[in-house]
Amino acid sequence: MQKRKQSLPMKDSIFRAVKVALSKCGFPSIDFFIERSQQGKHGHFATNVALVLTKQLKRNPLEIAREITKNFGKIEGIEKIEIAPPGFINFTLSETILQNEIHVIQQLGNEYGKLSTGDGKTCQVEFVSANPTGPLTVGHGRGAALGDTIARIMEWNGYSVEREYYFNNAGKQMRILGTSVYYRYLQQIGKDVEFPDECYQGDYIREIASKIADQNGRKFEDQPENKIFQDTAENKVFETIKISLRRIGIFHDSFFNENELYEKGKIDDALYGLKKSGYLYEKDGAIWFKATEFGAEKDRVIVRSNGEPTYRLPDIAYHIEKINRNYDVIIDVFGADHSATYPDVLAGLQSLNLSTEHIRVAIHQFVTFTRDGQKVKMSTRKAQFVTLDDLVDLVGSDAVRYFFLMRAMNSHLNFDLALATKQSDENPVFYLQYAHARISNIFLHAEAKNVPFNPECNLSHLTHAEELDLIFILSEFPEIIALCKRTLEPQSLCNYLNKLAAAFHKFYTECKVITDNIPLSQARLLLCAATKQVLSNGLTILGISKPERM
RNA sequence: GCGCCCGUAGCUCAGCUGGAUAGAGCGCUUGCCUCCGGAGCAAGAGGUCACAGGUUCGAAUCCUGUCGGGCGUACCA
C-alpha cells in the first residue's frame with residue numbers, strides 16, 4: 001500500500017464527486033462543505049450543497065439533492081447515499097474502507113496525521129518572554145503551555161521550529177530587582193534598614209542577598225549601584241525560570257535580550273527607517289508614530305521627551321530582526337494585555353515596507369485563579385502569587401499542561417486551585433491517559449493468553465457498531481491536526497482526544513478483545529494498537545506523558 | 001467614554017467557514033465486575049444559548065443596540 005500523510009481522502013473524494021455532479025446537472029459552482037455528521041443516523045459525512053443552491057436556483061432543496069444524487073458516479077468507499085430533510089445529502093462509508101484505515105495507521109505509525117505542509121520550512125515561536133524579576137507564576141503558565149504546544153504542532157507539520165524567549169534586563173523593573181537585593185543584603189549583614197514597599201517582597205530576594213553576603217561580607221555595604229546585586233539576581237532568577245519551564249517539558253532554543261538591539265544599533269536603525277518612511281513626527285518634545293494611518297485610534301509615542309524609547313520601538317526593532325532571520329512563519333504568543341500593542345508593531349513594520357503576512361499573533365485571555373470560590377490576586381512585587389512550580393508540585397506536569405490547553409485561547413480560563421489540588425482522578429487528563437494504559441494492559445493480557453499480535457490479520461471481523469465508530473473517530477485525527485495548524489488552537493486536539501478516549505472506553509466495555517476467537521481477537525488487538533498510536537501521537541503534541549500503567 | 005475578548009445546564013466549558021433533536025465533564029438520581037484495569041460503561045433529571053431587535057429557506061453562530069464581566073486605552077512593559 002502506498003503511504004499517505006494526508007488522510008482526508010474520503011472527504012476529498014466526496015467533494016470531487018459533488019463537484020462533478022454539479023457540472024453534470026448544469027448547476028453553478030458554489031461554496032459548500034463536506035462535514036462529519038454529528039449523529040450516526042446521518043451517515044458519516046454530509047454535504048449542504050443542495051441547501052446552498054436553493055436560493056440561486058429558486059427550487060426545493062430536496063429536489064436539487066435528488067438531481068445531484070442521480071448524477072453521482074460510483075464513489076469508492078461509499079456504501080450508501082441518502083437525502084434527508086431539509087436537503088442534506090448523507091454519505092455512509094463502507095465497512096471495508098473503515099477497516100482499511102487501521103492498516104493506514106499501522107503503517108504510518110507515529111507519522112499518522114502528519115501534514116507535510118511545513119517540510120523544509122522554518123518557524124519561530126516566541127513565548128513566555130517574562131522579564132527575570134522573579135519566579136514564573138501560574139499566570140505565566142498559560143502562555144508557556146500554549147506557546148510550546150503551538151511549536152509542537154508546527155513541528156508535527158514538518159516545520160523546523162525555533163523557540164525563543166525575549167527579555168529585557170535593562171529596564172526599570174530590573175533596576176528595582178537590584179535595589180531589592182541590596183536592601184535584603186543590608187539586612188543580612190545586620191543593618192537595621194526598612195525594606196521599601198516598591199521592592200520585590202519575595203523570599204527569593206533574601207536567598208540571593210544572603211548568598212552575596214556569605215561570599216562578600218560587608219564589602220558592598222555602601223554600593224547600592226553595584227551591578228552585583230542585579231546581575232546575581234538576574235542569573236539566579238533565570239536559572240529558576242529555566243528549571244520551572246523544564247519541569248513542564250519546555251526548552252527554549254534561544255534567549256534574546258532587548259539590550260542587544262541597543263548595543264548593535266538596531267534601535268537607531270529602526271528609528272531612522274521609520275523617520276525616512278515619513279510616519280514620525282515630533283510633538284511636546286517626544287517622537288510620535290502615526291499609528292492612526294494604520295487604523296489605530298491614536299498615534300503613539302515611541303521616544304519619550306527624555307530621549308528614552310517606549311517599549312514599542314524595541315518591539316518593532318525586534319520584529320525587524322526576526323523578519324531578517326528569514327523564518328517562513330513567525331508566531332508571537334501574547335497575553336491579552338498585548339492585544340492593543342501588536343497592531344502598532346505590525347503597523348511599524350508595514351510602514352517600513354516589510355511584509356507581515358507570515359507573522360501570526362496568538363493572543364490568549366487571562367487566567368482567573370480561584371481558591372474556595374475566592375479570587376487569588378497575583379503580583380510579583382508583593383509576592384502574592386502562586387508560582388508555576390507550586391502548581392506543578394500540586395498537580396503534576398501533565399495536568400498543568402492539560403488544564404492550560406483545554407480551553408480556547410479566547411476564553412477566560414478559570415483555574416480552581418482547590419479543585420486542581422484535589423485528588424488527581426478528578427482531572428480530565430487521566431481519562432486520556434487511562435485509555436492509553438488500558439490498551440497497554442490488553443497487550444499484556446494477550447501475551448499471557450497466547451494471542452499473537454498480527455499486523456496482517458483479517459480486519460473484516462470488525463463489524464460491531466462500537467468498532468466502526470471508534471475507527472471513524474481515529475480517521476478524524478489528520479483533520480484535527482489540520483484544524484490545529486490553521487487556528488493554532490491546541491484545544492481542538494484536547495477535545496478530540498477526549499472524544500477518542502470515550503469511544504475507546506465504550507468499545508472496551510462492549511467488545512471483549514481477548515477471546516477464544518483468535519481471528520477476531522487479533523483484529524481487535526490491531527484496532528487497539530491503532531487507537532494507542534493515535535492517542536500517543538496526540539499526547540505527544542500536547543507534551544503529556546503516555547503511561548503504560550497508572 | 002472608546003477598542004478587543006467573553007456571557008451556552010447548579011459549576012467549569014465544547015459547539016469547525018450559519019444547518020438536522022444545542023453537547024461533554026464535575027455535582028445529583030439509578031443501574032453494570034464468576035469475564036482483558038470500575039481512574040470505566042449505561043440510563044435519568046437539569047437550557048427563554050445574557051436581553052431586545054434585524055438579516056434568510058435556517059441563527060448559539062452574522063449585524064445593531066442594551067446589560068454584565070475581563071483586558072487595554074500611559075512619554076509603564
Side-chain angles (χ1 to χ4, degrees), chain A residues 31-33 35-39 41-42 46 48 51-52 54-55 58 60-61 84-88 90 129-131 168 171-173 258 283-288 296-298 300-312 314-315 335-341 343 363-366 368 370 373 406-416 419 423-428 430-431 433-435 437-446 448-449 451 479-480 483 486-487 489 491-492 494-495 498-499 501-502 504-515 521 524-525 528 549-550:
Chain A
D31 282 338
F32 62 93
F33 61 66
E35 66 171 4
R36 285 180 172 248
S37 304
Q38 286 164 16
Q39 295 170 56
K41 70 175 180 183
H42 294 139
N48 66 342
L51 290 160
V52 180
T54 313
K55 197 173 185 179
K58 294 189 168 53
N60 184 316
F88 288 100
N90 296 328
S129 297
N131 280 343
N168 173 18
K172 187 179 162 198
Q173 300 307 317
E258 179 185 331
K283 193 178 86 180
D284 306 332
I287 299 177
W288 295 68
E297 45 183 324
K298 55 177 83 167
R300 310 289 187 186
V301 170
I302 61 165
V303 181
R304 291 173 211 142
S305 48
N306 67 4
E308 211 176 311
T310 68
Y311 64 91
R312 287 173 211 272
D315 276 2
D337 53 341
H338 281 71
S339 60
T341 79
I363 299 272
H364 63 85
Q365 297 301 311
F366 282 164
T368 309
T370 57
M406 68 192 287
R407 303 300 182 213
M409 293 189 251
N410 261 343
S411 80
H412 304 264
L413 166 57
N414 186 312
F415 204 123
D416 189 331
L419 184 76
Q423 312 206 349
S424 53
D425 58 345
E426 286 185 33
N427 201 304
F430 287 92
Y431 186 71
Q433 294 180 316
Y434 182 55
R438 226 178 192 182
I439 295 172
S440 304
N441 192 63
I442 294 172
F443 288 127
L444 292 179
H445 190 72
K449 295 281 183 184
V451 177
E479 294 169 35
I480 297 297
L483 179 68
R486 198 171 71 238
T487 61
E489 276 281 13
Q491 189 220 15
S492 313
C494 294
N495 290 343
N498 201 68
K499 185 167 81 172
F504 172 75
H505 287 310
K506 194 167 180 177
F507 154 78
Y508 178 88
T509 31
E510 295 291 325
C511 306
K512 193 164 160 55
V513 177
I514 307 304
T515 64
S521 297
R524 286 182 172 169
L525 263 184
C528 286
R549 278 189 306 278
M550 291 176 71

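No experiment lies behind these values; they were computed from the predicted model shown. So that the names make sense, note that chain A is the first sequence line, chain B the second, and so on, each numbered from 1.
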Participant: Work out how far the C1' atom of B:G15 is from that of B:C32, and round it to whole angstrom.
Facilitator: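 These two C1' atoms come out 31 Å apart once rounded.
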Participant: Using whole Å, report how far NZ of A:K512 lies from P of B:G38.
Facilitator: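 Rounding to the nearest Å, NZ of A:K512 and P of B:G38 are 10 Å apart.
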Participant: Hey, could you give me the CZ/OH distance between A:R438 and A:Y508, rounded to the nearest 0.5 Å?
Facilitator: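 Spacing of CZ (A:R438) from OH (A:Y508) equals 4.5 Å.
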Participant: What interatomic distance, in whole Å, is found between C1' of B:U66 and the corresponding atom of B:G27?
Facilitator: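 Approximately 34 Å lies between the C1' atom of B:G27 and that of B:U66.
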Participant: How is A:E35 classified with respect to the nucleic acid when contacts are heavy atoms under 4.0 Å: base, sugar-phosphate, or nothing?
Facilitator: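 It contacts base atoms.
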Participant: What is the distance, to the nearest angstrom, from the CZ atom on A:F366 to the C1' atom on B:C6?
Facilitator: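 Roughly 14 Å, once rounded to whole Å.
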Participant: Just N and O in the side chain of A:K298: are any of them under 4.0 Å from OP1 or OP2 of B:C2?
Facilitator: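 Result: no.
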Participant: By the 4.0 Å heavy-atom rule, please label A:C494 as base, sugar-phosphate, or nothing.
Facilitator: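 The answer is nothing, as A:C494 stays clear of every strand by at least 4.0 Å.
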Participant: Touch check for A:R486, heavy atoms < 4.0 angstrom, all strands: base, sugar-phosphate only, or nothing?
Facilitator: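 The residue A:R486 makes sugar-phosphate contact but no base contact.
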Participant: Quick check on B:U56: is either OP1 or OP2 less than 4.0 Å from any side-chain nitrogen or oxygen of A:K55?
Facilitator: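 For A:K55, the contact criterion (side-chain N or O under 4.0 Å from OP1 or OP2 of B:U56) is not met.
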Participant: Of all the nucleotides listed (B:A39, B:C16, B:C41), which has the minimum atom distance to the side chain of A:K506?
Facilitator: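 Comparing B:A39, B:C16, B:C41 against the side chain of A:K506, the answer is B:C41.
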Participant: Look at A:R304 and B:A77 and indicate whether a side-chain polar atom (N or O) is within less than 4.0 Å of OP1 or OP2.
Facilitator: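 So the side-chain polar atoms of A:R304 do come within 4.0 Å of the phosphate oxygens OP1 or OP2 of B:A77, strictly under.
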Participant: When only distance counts, do a donor and an acceptor, one from the side chain of A:Y434 and one from the base of B:A39, lie under 3.5 Å apart?
Facilitator: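 There is none.
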Participant: Considering just the side-chain nitrogens and oxygens of A:Q433, establish if one lies under 4.0 Å of OP1 or OP2 belonging to B:A39.
Facilitator: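 No, because none of the side-chain N or O atoms of A:Q433 sits under 4.0 Å from OP1 or OP2 of B:A39.
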Participant: Ignoring hydrogens and geometry beyond distance, is the side chain of A:H412 in donor-acceptor contact with the base of B:G69 at under 3.5 Å?
Facilitator: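 Pair found.
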Participant: Is there a donor and acceptor pair closer than 3.5 Å between the side chain of A:E479 and the base of B:C16?
Facilitator: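 For A:E479, whose side chain was compared with the base of B:C16, there is no donor-acceptor pair (under 3.5 Å).
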Participant: Can you say whether a donor on the side chain of A:N48 sits under 3.5 Å from an acceptor on the base of B:A20, or the other way round?
Facilitator: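 Under the 3.5 Å cut-off, the side chain and the base do not form any donor-acceptor pair.
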Participant: All N/O contacts under 3.5 Å from nucleotides 43-47 of chain B to the protein, with atom names and distances to one decimal?
Facilitator:
none

Participant: Starting at the 5' end of RNA chain B and moving along, which residue's nearest nucleotide shows up first, A:N168 or A:A446?
Facilitator: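 Result of the comparison: A:A446.
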Participant: If you measure from the C1' atom in B:A59 to the same atom in B:U64, how many Å do you get, rounded?
Facilitator: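 That atom pair is separated by 15 Å.
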Participant: In whole angstrom, give the distance that lies between atom CZ of A:F88 and atom P of B:G18.
Facilitator: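 To the nearest whole Å, that distance equals 13 Å.
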Participant: A quick test of your reading: do over 12 heavy atoms of other residues, nucleotides or ligands sit less than 6.0 Å from CG of A:D31?
Facilitator: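 Count not over threshold, so no.
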Participant: Is there a side-chain polar atom (N or O) of A:Q38 under 4.0 Å from OP1 or OP2 of B:G15?
Facilitator: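 A:Q38 to B:G15 OP1/OP2: no side-chain N or O under 4.0 Å.
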Participant: Which part of the nucleic acid, if any, lies within contact of A:H505, taking any heavy atom under 4.0 Å across all strands shown: a base, the sugar-phosphate backbone alone, or nothing?
Facilitator: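 Sugar-phosphate only.
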Participant: Is there a donor and acceptor pair, one atom on the side chain of A:S411 and one on the base of B:C13, closer than 3.5 Å?
Facilitator: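 Per atom types, no contact qualifies.
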Participant: Once side chain to side chain donor-acceptor pair (under 3.5 Å) is applied, do any residues pair with A:N168, and if so which ones, sequence neighbours excluded?
Facilitator: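 For A:N168 the side chain to side chain donor-acceptor pair (under 3.5 Å) partners, ignoring immediate neighbours, are A:E258.
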Participant: Please give the nucleotide sitting opposite B:A9 as a Watson-Crick or G-U wobble pair, both distances under 3.5 Å, or none.
Facilitator: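 Pairing partner, where one exists within any strand: none, as none qualifies.
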Participant: For A:K499 and B:G15, what is the distance between atoms NZ and C1' respectively, to the nearest whole Å?
Facilitator: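 Rounding to the nearest Å, NZ of A:K499 and C1' of B:G15 are 11 Å apart.
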Participant: Could you state the CE-P distance from A:M406 to B:G23, rounded to the nearest angstrom?
Facilitator: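 One finds 20 Å between P of B:G23 and CE of A:M406, rounded.
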Participant: In this structure, how many angstroms lie between the P atom of B:A39 and the OH atom of A:Y508, rounded?
Facilitator: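 Rounded to whole Å, this separation is 10 Å.
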Participant: Working to the nearest 0.5 Å, report the span between OH of A:Y434 and NE2 of A:H505.
Facilitator: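 Rounded to the nearest 0.5 Å, the OH-NE2 separation comes to 7.0 Å.
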Participant: Could you measure between the two P atoms, the one in B:U61 and the one in B:C51, and give it in whole Å?
Facilitator: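 So the two P atoms sit 11 Å from each other.
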Participant: Please write out each protein N/O paired with an N/O of nucleotides 62-64 of chain B under 3.5 Å, distance rounded to 0.1 Å.
Facilitator:
none

